[in-house]
Amino acid sequence: MELSVRFMAAADASLCAALAAAGAEPWTESQLLSELESPAARLFVAEGEGGVLGFAVFQLAADEASLYALNVDPAARRKGVGAALLAGALGALRAEGAARCFLEVRAANAPAIALYRRLGFAAAGVRRGFYRDPPDDAVVMALEF
């Protein structure tokens, strides 16, 4: 599958919100548009033959990036979209001066944890009771560039 990764545009927000609606913690179009206006926000989309297949929301402060959201179209999961999206986004963040990236992931989300590990992230701690619906701990993961 051919993919390209680029910065999200305001015109992408409604489609990205629709992709996120299937997730446990969906981002709304207004939230995405608000993030796009933030100087510290970095939003990326992965595009393939079917259009936008996924998006990622980061914050970049000084030399630290934080991943806030990663959503992939359910029909495109397990096809390399998430990995390509993250690799492209991390490359862009590194080019902007990021030295490390942090994220939180549900402890029960083994596929996501495996993906992050493949990209070089390592567990850095646990936040007990971080998620509410459904309740779960968060594994804090870090990547040093």
Item to check | Within residues 34-51 or reaching into it, pairs that qualify as salt bridge (Lys or Arg N to Asp or Glu O under 4.0 Å) - sequence neighbours excluded | outcome: Arg6-Glu47, Arg42-Glu96
Item to check | Contacts of type side-chain contact (heavy atoms from CB on, under 4.5 Å), residue Glu64, not counting sequence neighbours | outcome: Arg100, Phe102
Next on the checklist: Once side-chain contact (heavy atoms from CB on, under 4.5 Å) is applied, do any residues pair with Pro135, and if so which ones, sequence neighbours excluded?
Outcome noted: none
Checklist outcome for this item: Output for pair (Phe121 CZ, Leu115 CG), nearest 0.5 Å, gives 9.0 Å
Next on the checklist: Apply the hydrophobic cluster definition, ILVMFWY joined by side-chain contacts under 4.5 Å directly or through others, and give me every member besides Val126.
Outcome noted: none
Got a list of side-chain donor-acceptor pairs under 3.5 Å for residues 13-21, not counting sequence neighbours?
none

Next on the checklist: Going by the rule side chain to side chain donor-acceptor pair (under 3.5 Å), which residues pair with Thr28 if we only count those two or more places apart in sequence or in a different chain?
Outcome noted: Ser30, Gln31
Item to check | Option among Leu3, Val45, Val72 that satisfies the side chain to side chain contact (heavy atoms under 4.5 Å, CB included) test with Leu53 | outcome: Leu3
Checklist entry - Under the side chain to side chain donor-acceptor pair (under 3.5 Å) test, which residues partner Asn109, sequence neighbours left out? => result none
Checklist entry - How would you list, by chain and number, every residue that makes a side-chain contact (heavy atoms from CB on, under 4.5 Å) with Phe130, sequence neighbours excluded? => result Glu104, Arg127, Ala138
Checklist entry - Do other residues, nucleotides or ligands put more than 12 heavy atoms under 6.0 Å from Arg77 CZ? => result yes
Next on the checklist: Please enumerate all residues that pass ring-ring contact (aromatic ring centres under 6.0 Å, His included) together with Phe7, with sequence neighbours excluded.
Outcome noted: Phe44
Checklist entry - Which residues pass the ring-ring contact (aromatic ring centres under 6.0 Å, His included) test with Phe55, sequence neighbours left out? => result none
Item to check | side chain to side chain donor-acceptor pair (under 3.5 Å) involving Arg78 - partner list, sequence neighbours excluded | outcome: none
Checklist entry - Who pairs with Ala40 by side-chain contact (heavy atoms from CB on, under 4.5 Å), at least two apart in sequence or on another chain? => result Ser38, Gln59
